[in-house]
Amino acid sequence: MKFSEAFIFTSKDVPSEATLPSHIYLLKGGFIQSVGAGLYNFLPLGKKVLDKVHAVVKEELDTAACQEVELAFVTPSEFWIESGRFEKYGKELLRFKDRKDAEFVLGPTHEEMMVNLVRSYVKSYKQLPINLYQIKTKFRDEIRPRFGLMRGREFLMKDGYSFHKDEESMIKDGFNKMEETYSNIFKRLGLDFRVVEADSGAIGGSGSKEFMVLADSGEDTIVVCEECEYGANIEAAVRANPKAPHEVNSEYERPEMNFGKFLTPNVKTIDELAEFFKIEPYYTLKVVAKKALYDDGVEKIALFGIRGSDELQEVKACNAVNANELIDISDEELQEAGLTPGFMGPKDLPEDILFVADNQLKGEISTIAGANEVDYHYVGLNLVELGLEYKDLVAVKEGDKCARCENGKLKYTKGIEVGHIFQLGDRYSAPMKAEFLDENGKSKPFLMGTYGIGISRLLAAIIEQNHDDRGPIWTKESTPFDLEIIVSNIKKEEELSLGERLYKELSKDFDVLLDDRKERFGFKISDFELLGIPYAIIVGKKVKDGLVEIVNRKTLEKEEVSIDEVASKVRGYLV
RNA sequence: CGGAGUGUAGCGCAGUCUGGUAGCGCACCUGGUUUGGGACCAGGGGGUCGAAGGUUCGAGUCCUUUCACUCCGACCA
């Protein structure tokens, strides 16, 4: 491609709302154009990168025996009603009616469509396993799109779905195979990433892992172990059971108070309680109150009991009570329900209040907890006698011990979620009656896996991880052009003709951009840096001495080479 | 959805407080000079000031309504 003929418009200015490097450079370099909240046009450069990423993903998936399909973007709402998600998905699902008043949704993900497709053809276990995918525009009416391609409303996603006859196949042929395939994809794209344990969220199902590109600008907090390979999204992270203060430090003693219901006037917070009894917060029980929202507008008050030294992890809490969402609740609402903010506890609760205790309180026979009565706490409360429900509720903190190796310290880091794989089981196939006949002639729902990659988000992720203060630095498999040839001054006949000769020759094997614009050198080299192409050949002043230069975009180093050698030298760098 | 803010030329902004008929930089067009780190000179084109209504002799500026967008928090590839 000749730059003088290309639809490439770089800019020195950038809309002030762009804050992330990826957003800034994609706009400045003329890769994308913003057209509305979370909506972008891909210009030729952006489209080229998109296609490169697309190609890598397709190649690896096809190698893993996945087959590409393309499903309708406009999907009849009946499938969504069948799966139960029509109600559940909420406002993110864009719904509309056609002229005949039939209801449709714009596909935000395609489980329903894919289940419908497979159930209409596959009838026998002999036809399994199957793994189908598509790379297609999705639409999610996000509450708050932001950060350019990082969180758009319309975006390009690879979504794949596998169908299996049993759990073993679902894990081995589906989940594990995709974990490996995804790792290959992100490696090829040159990304530094981590596979982490994840919460399954709204899509449902059991096991799930996320592929996180490590970057400070990431929206997700992930917990990683300093010693072993353990990594998890903060929403799903677990830790080794922390030791009690008296087990760690002989200066402390385990409090052995047993006062029953005890007057604690105006002692409301954990800090006050610990101070009042002169003990560590570990020996107290903290209650966090939330309002849990369910289908059809049902609301319940949910209380979560954790150690005074811990923090509640809201996603875990939400899953623990099977709610669609947890929201904050006011003291007034709690009082109306017969609760006593500041003195809430697991014993003597009013009716209709959900109470879940954290796993790490299991077996606790002496703690201090609110008595559900103003100014009173139970001291020496035995939780075992209460028959509580236990779930994992706590947020892992930096410095906690790893549950896997029981040795390493856990720390936080930031990540961009570029891939997510789930074991779905029969979450969709059962309600949608997608069944096959097994070896015994018995009808069973398919067991499924679902696998996503944010293709357009990957462009942003690649830049977040690969840029300097002049622009992006595309990786080998993502760059819009392999090489740029800069003709320093097109009015110098020997420069222009050499540039064109090299361009012709190298274009046989590479995708080359020839900057033949009537601009000054400085202008062109800055554009090269802003486009982020890995290498450039500068054809300039020294042509008369038989020399040109090769620039490495990453290091910005220039290397003088003779005209005769340049083609073979560049080939060496590019292959 | 809560909080904050912005809509003026393709982009970035000033002008709004204190009403008097729209300006700067970049980009674009023409001519010339220049040519290794985003050049210079001269000339030129382009805006019903987000929209609607109101106050006024007169509104980018004041009032009302409305729409859109952005930023910070709860959701997600």
Side-chain angles (χ1 to χ4, degrees), chain A residues 9-20 23 27-28 30 33-39 57 89-93 108-110 135-160 182 198-203 208 210-213 219-220 233 235 290-291 293 314-315 318 324-328 415-422 450-461 470-471 486-492 495 517-530 538-543 548-549 551 556 558:
Chain A
F9 299 96
T10 59
S11 157
K12 268 197 270 189
D13 295 316
V14 72
S16 47
E17 68 263 17
T19 53
L20 288 191
H23 194 186
L27 289 169
K28 279 184 77 169
Q33 179 193 31
S34 162
V35 282
L39 303 175
V57 172
Y89 215 102
K91 288 188 184 147
E92 240 175 70
L93 190 61
T109 169
H110 272 167
I135 295 174
K136 195 172 172 81
T137 297
K138 300 288 183 297
F139 190 89
R140 293 183 191 175
D141 203 354
E142 291 276 350
I143 305 167
R144 181 151 131 64
R146 62 183 123 177
F147 302 142
L149 295 186
M150 205 77 100
R151 174 167 308 287
R153 288 194 293 174
E154 186 180 305
F155 57 99
L156 191 63
M157 180 167 101
K158 173 266 164 178
D159 49 320
Y182 275 31
D199 171 59
S200 304
I203 295 178
S208 108
E210 289 167 334
F211 291 76
M212 291 286 185
V213 168
E219 291 188 83
D220 289 276
N233 193 304
E235 296 171 353
K290 294 280 172 184
K291 198 191 288 180
L293 307 184
E314 210 163 299
V315 173
C318 187
N324 294 340
E325 196 185 345
L326 290 184
I327 57 173
D328 290 342
I416 301 165
E417 182 187 351
V418 292
H420 202 159
I421 58 177
F422 292 88
T450 179
Y451 319 97
I453 294 179
I455 304 282
S456 44
R457 177 181 283 178
L458 267 173
L459 305 208
R470 302 183 183 192
I486 300 173
V487 176
S488 179
N489 183 350
I490 60 162
K491 285 196 175 162
K492 300 252 168 75
E495 291 184 20
R517 293 175 301 172
K518 193 185 150 205
E519 296 288 351
R520 309 179 118 225
F521 176 77
F523 190 90
K524 295 183 183 180
I525 191 90
S526 317
D527 265 359
F528 159 70
E529 285 157 358
L530 184 54
I538 301 173
V539 179
K541 271 183 171 173
K542 288 172 184 149
V543 167
V548 293
E549 286 163 290
V551 195
L556 296 174
K558 293 174 186 165

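Lettering follows sequence order; numbering is per chain, from 1. Just so it is clear, the model here is predicted, and its values are computed rather than measured.
Every residue meeting the side-chain contact (heavy atoms from CB on, under 4.5 Å) condition with A:S456, not counting sequence neighbours, appears here in chain and number order: A:F42, A:L50, A:F155, A:L156. Partners of A:F9 under the ring pair (Phe, Tyr, Trp, His ring centres under 6.0 Å) rule, at least two apart in sequence or in another chain, are A:F7.
Nearer to the 5' terminus of RNA chain B, by closest-nucleotide assignment, is the contact made by A:K558 (compared with the other of A:K558 and A:I455). Nearer the 5' end of RNA chain B, as judged by each residue's closest nucleotide, is the contact made by A:S488, out of A:G454 and A:S488.
For B:A39, the paired nucleotide is B:U33, the pair qualifying as Watson-Crick or G-U wobble because both relevant distances are below 3.5 Å. Across all strands shown, B:C57 pairs with B:G20; the Watson-Crick or G-U wobble distances both stay below 3.5 Å. The pairing partner recorded for B:G25 is B:C11, the criterion being a Watson-Crick or G-U wobble arrangement whose two distances lie under 3.5 angstrom. Pair assignment for B:A68 gives B:U6, based on Watson-Crick or G-U wobble hydrogen-bonding distances that are each under 3.5 Å. If you check B:G73 for Watson-Crick or wobble pairing at under 3.5 angstrom, you find it paired to B:C1. Applying the Watson-Crick and G-U wobble criteria (two distances, each under 3.5 Å), B:U48 pairs with nothing in any strand.
Residue A:L20 contributes atom CG, which lies 9 Å from atom P of B:C72 at whole-angstrom precision. Atom CZ in A:F155 sits about 8 Å away from atom P in B:A77, given to the nearest Å. Nucleotide B:A77 holds its P atom 15 Å from the OH atom of A:Y451, rounded to whole Å. In this structure, CD of A:E235 is placed 8 Å from P of B:C75, rounded to the nearest angstrom. Summarising the geometry, the separation between CZ on A:F9 and C1' on B:G10 is reported as 11 Å, rounded to the nearest angstrom. Taking atom CG of residue A:L93 and atom P of nucleotide B:C76, one finds them 14 Å apart after rounding to whole Å. In this structure, CZ of A:R153 is placed 18 Å from P of B:A77, rounded to the nearest angstrom. Remark: P of B:C75 and CD1 of A:I327 are 12 Å apart, rounded to the nearest angstrom.
Across all strands, A:G540 comes closer than 4.0 Å to base atoms (heavy-atom distances). Residue contacts shown for A:S526 include a base, since a base heavy atom lies under 4.0 Å away. In this structure, A:G30 reaches neither bases nor backbone, as no heavy-atom distance under 4.0 Å exists between it and the strands shown. Looking at heavy-atom distances under 4.0 Å, A:Q33 makes no contact with the nucleic acid at all.
In this structure, A:R146 does not reach the B:C76 phosphate: none of its side-chain N or O atoms is under 4.0 Å from OP1 or OP2.
Taking atom C1' in both B:A9 and B:C28, the straight-line distance is 11 Å, to the nearest Å. Taking atom P on both nucleotides, B:G20 is separated from B:A59 by 11 Å, rounded to a whole Å. If you take atom C1' in B:U8 and the same atom in B:U61, they sit 11 Å apart, rounded to whole Å. Between B:G50 and B:U35, the distance separating the two P atoms is 45 Å to the nearest Å. With P as the reference atom, B:A22 and B:G54 are 23 Å apart, rounded to whole Å. The separation of B:G43 from B:C24, taken at their P atoms, amounts to 13 Å, rounded to a whole angstrom. The separation of B:G25 from B:C63, taken at their P atoms, amounts to 31 Å, rounded to a whole angstrom. For the P atoms, the distance linking B:U6 with B:C17 amounts to 15 Å, nearest Å.
We find that the ring of A:F521 and the base of B:G37 do not stack by the test of centres under 5.5 angstrom and planes tilted less than 30°.
Without hydrogens or angle criteria, A:R153 side chain to A:P145 main chain gives no donor-acceptor distance under 3.5 Å. Although no hydrogens or angles enter the test, the distance criterion places a donor-acceptor pair under 3.5 Å between the side chain of A:R457 and the main chain of A:M150.
Using a 4.5 Å heavy-atom cutoff, the side chains of A:V543 and A:K492 are not in contact. Counting heavy atoms from C-beta outward, A:K524 and A:I490 have side chains that approach closer than 4.5 Å. Looking only at side-chain heavy atoms (C-beta outward), A:D527 and A:R517 come within less than 4.5 Å of each other. Looking only at side-chain heavy atoms (C-beta outward), A:E529 and A:L556 come within less than 4.5 Å of each other. Residues A:K541 and A:N489 form no side-chain contact, since every pair of their non-hydrogen atoms from C-beta on lies 4.5 Å or further apart.
In terms of polar N and O atoms assigned as donor or acceptor, the side chain of A:E495 never comes within less than 3.5 Å of the base of B:G36 in a complementary pairing. Residue A:K12 places no side-chain atom within donor-acceptor reach of the base of B:G25, judged by atom type and a 3.5 Å distance cut-off alone. The base of B:G36 is paired with the side chain of A:E549 by a donor and an acceptor separated by under 3.5 Å. A donor-acceptor contact under 3.5 Å is formed by the side chain of A:R151 with the base of B:C76. Residue A:D527 places a side-chain atom within donor-acceptor reach of the base of B:G38, judged by atom type and a 3.5 Å distance cut-off alone.
Relative to the side chain of A:K541, the nucleotides B:C75, B:G36, B:U35 differ in distance, and B:G36 lies closest. Comparing atom distances between the A:A37 side chain and each of B:C71, B:A77, B:U70 picks out B:U70 as nearest. Side-chain atoms of A:T10 lie closest to B:G38 of the nucleotides B:G36, B:C1, B:G38. Counting only heavy atoms from C-beta on, A:F147 has its side chain closest to B:C72 among B:U35, B:C1, B:C72. Each of B:G38, B:G73, B:U70 was ranked by its minimum atom distance to the side chain of A:F523; first place goes to B:G38. Here the side chain of A:E142 is nearest to one of B:G37, B:A77, B:U35, namely B:A77.
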Verdict with reasoning, A:S208 to A:H420, per side chain to side chain contact (heavy atoms under 4.5 Å, CB included): CA-CA 7 Å; A:S208 108; A:H420 202 159; 3.0 Å; yes
For nucleotides 28-34 of chain B, which of its nitrogen or oxygen atoms have a protein nitrogen or oxygen under 3.5 Å away, and what is each distance?
{"residue": "B:U34", "atom": "O2'", "partner": "A:R520", "partner atom": "NH2", "Å": "3.2"}
{"residue": "B:U34", "atom": "O2", "partner": "A:R520", "partner atom": "NE", "Å": "3.4"}
{"residue": "B:U34", "atom": "O2", "partner": "A:R520", "partner atom": "NH2", "Å": "3.3"}
{"residue": "B:U34", "atom": "O4", "partner": "A:K491", "partner atom": "NZ", "Å": "3.4"}

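Using cut-offs of 30° and 60° on the angle between ring planes, the pair A:Y182 and A:F211 is tilted.
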